[in-house]
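Everything below concerns the one structure shown next.
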Amino acid sequence: MSFVQARTMPGVLELLPLDQVAFQAMLDAIRRNFERFGFLPIETPVMEYSSVLLTKQGGETERQVYFVQSTGALQAAREGDLPELALRFDLTVPLARYVAEHEHALVFPFRRYQMQRVYRGERAQRGRFREFYQCDIDVIGKDQLSVRHDAELPAVIYSVFRDLDIGAFTIQLNNRKLMRGFLQQLGLADGERQGAVLREVDKLDKRGLDAVRDSLTGVDFALAPAAVAQLLDFVGFRSHSLQHALARLQALGEGNEALQQGRAELTEVLQLIHAFGVPESHYALNLSIARGLDYYTGTVYETTLNEHPQIGSICSGGRYENLASHYTRSRLPGVGISIGATRLYWQLREAGLLKGARSTVQALVAQMDEAELPRYLELATELRGAGINTEAVVEPGKLARQFKYADRAGIRFVLVLGPDEIAKGTVTVKDLRKQDQFEVARADLVATLRVEIEQAAAMRGSDSH
RNA sequence: GUGGACGUAGCUCAGCUGGUUAGAGUACUGGAUUGUGAUUCCAGUUGUCGUGGGUUCGAGUCCCAUCGUCCACCCCA
């Protein structure tokens, strides 16, 4: 008998239960904050019609999309036909389809959040996934959408990452209109060429000044050294305070229309972010941020961890002029931001920034004496009634084995109710983490255990600061 | 899609210029008398040396092919 090797394809993340608990806690925190800011949930199918998904032909997306075909459809398909269905590679395209399809039933501005898995045919590489969670929020307007929403999203992001408690971070902002205006002034008028230059400039913080300069003056771009020097000087700016950022924008001088517009938007957004309650220390103007996707037209965002720049962007997004131009005549401008939860989790774990795994099971009722099982089950029921996640040992076994089980399963509190305790009307509570145990009156158990659990949670919250 | 490195227990690796029956740590399993895990001590299990072929008296080691993994680029969460 030979076995098939039990394995998953590369690029998927599968976790052990305690790690899954940590990952889920992360998703919970993200969801909680999205809802706190008044965003509503939607879900869309993992599969969409290929024709809906592949609206931009021949690009990166087509190279990376996974097609789906039932066996029947596969046999019926003619040579050269694309499969009818494909897996979504992000949540923005399905959102566009969703808004176009349900336009008349939606209330605008439409504020939705969506946390689901997406699929990309990436070549395997560290920290890159073929199946991963995206957590998106977008605000979609009908005909118009105030730039003030561009300032609202950073406030949500600030709230999320503060809650996640993963150390100092900075939400970096820029504006594509400003950048295009500046490039125009340098004599770069062609839109596509501008995009390519911006993508190159975007690598400044990752690859360094020299590499970007070499590339821009090299054969692919062939820009004049003087223009490149001017450009690199411009995009090298990083603000260290709101005043600093505003002063830089002020100092730009007259300039063309695009530059003026970009500056006005950025100025308003930066000021409003402050008004939305984000501390100055957590956001900055970074004139090299561009984002690769061409559909961004105004504000762009990228969030990084101050202490771990090698992790790169943990959240990014931006403003787009017309979300669903492929599906409807209506003009639907929007602004959105996305957290790649799978990568974020993985990176945090690699960097050692995740706290030790802890089970969702809070207490284990040990089985001291098989004859007393009903008593143990009753105790477990009482704890559950009080909101404490409790498992009762139902199979008899050595006590040492039960403790070992609790330890390995990550359960912190073990409750022992043996002949001694029964005689005294008490319960012994062992705290495996503290390596300590105490006896408490049976009647006081729930209240006492609750206090212990709360204290444990509070300790956990504070030990990372 | 383009270019580069590496494949030895579940994991991290050692294995000399080819030479007996391929090793360590870790993990896992069992034990160290009464109602206590992790820590300590003792014992045990673990491999078609990625796969196929070649050179050789002899290959984990050298050669070829193939598959797989990882890294860089492209792109991106």
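It should be emphasised that the depicted structure is a prediction, and the values quoted were computed from it without experimental measurement. Residue numbering restarts at 1 for every chain, and letters A, B, ... go by the order of the sequence lines.
Here the separation of B:rC13 from B:rU29, taken at their C1' atoms, is 23 Å to the nearest Å. Atom name C1', nucleotides B:rU2 and B:rU46: the rounded distance is 41 Å, in whole Å. The P atoms of B:rG19 and B:rG58 are separated by 15 Å, rounded to the nearest whole Å.
Here B:rU34 sits opposite no nucleotide as a Watson-Crick or G-U wobble pair (both hydrogen-bonding atom distances under 3.5 Å). A 3.5 Å limit on both hydrogen-bonding distances identifies no Watson-Crick or G-U partner for B:rC74. B:rG68: Watson-Crick or G-U partner is B:rC6, with both key distances under 3.5 Å.
Contact annotation for A:Arg130: no contact, since no heavy-atom pair falls under 4.0 Å across all strands. Looking at heavy-atom distances under 4.0 Å, A:Thr342 makes no contact with the nucleic acid at all. Backbone-only engagement by A:Arg291 is indicated by non-hydrogen atom pairs under 4.0 Å involving sugar-phosphate atoms exclusively.
Using a distance-only test at 3.5 Å, with no hydrogens or angles considered, a donor-acceptor pair links the side chain of A:Asp369 to the main chain of A:Ala371.
Taking the six-membered ring for Trp and thresholds of 30 and 60 degrees, A:Trp346 and A:Phe129 have ring planes more than 60 degrees apart, a perpendicular arrangement. Ring geometry for A:Phe34 against A:Phe39 counts as tilted: the plane angle lies between 30° and 60°, on a 0 to 90° scale.
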Heavy-atom protein contacts under 4.0 Å, nucleotides 35-41 of chain B, coded B base, S sugar-phosphate only, - none: BBBB---

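Between the base of B:rC76 and the side chain of A:Arg343 there is a donor-acceptor pair shorter than 3.5 Å. Taking 3.5 Å as the limit, the base of B:rA77 and the side chain of A:Arg128 contain no donor-acceptor pair of atoms between them.
Nearest-nucleotide assignment on RNA chain B puts the 5′-proximal partner with A:Lys398, out of A:Lys398 and A:Leu344.
The closest side-chain heavy-atom distance from A:Asn286 to A:Thr170 is not below 4.5 Å. With a 4.5 Å cut-off on side-chain heavy atoms, A:Asn174 and A:Leu266 count as touching.
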Run A:Arg117 and A:Glu131 through salt bridge (Lys or Arg N to Asp or Glu O under 4.0 Å) and show every step you take. CA-CA 6 Å; A:Arg117 291 198 253 217; A:Glu131 175 187 72; 3.5 Å; yes

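Rounded to whole angstrom, the span from the CD atom of A:Glu122 across to the P atom of B:rC71 amounts to 12 Å.
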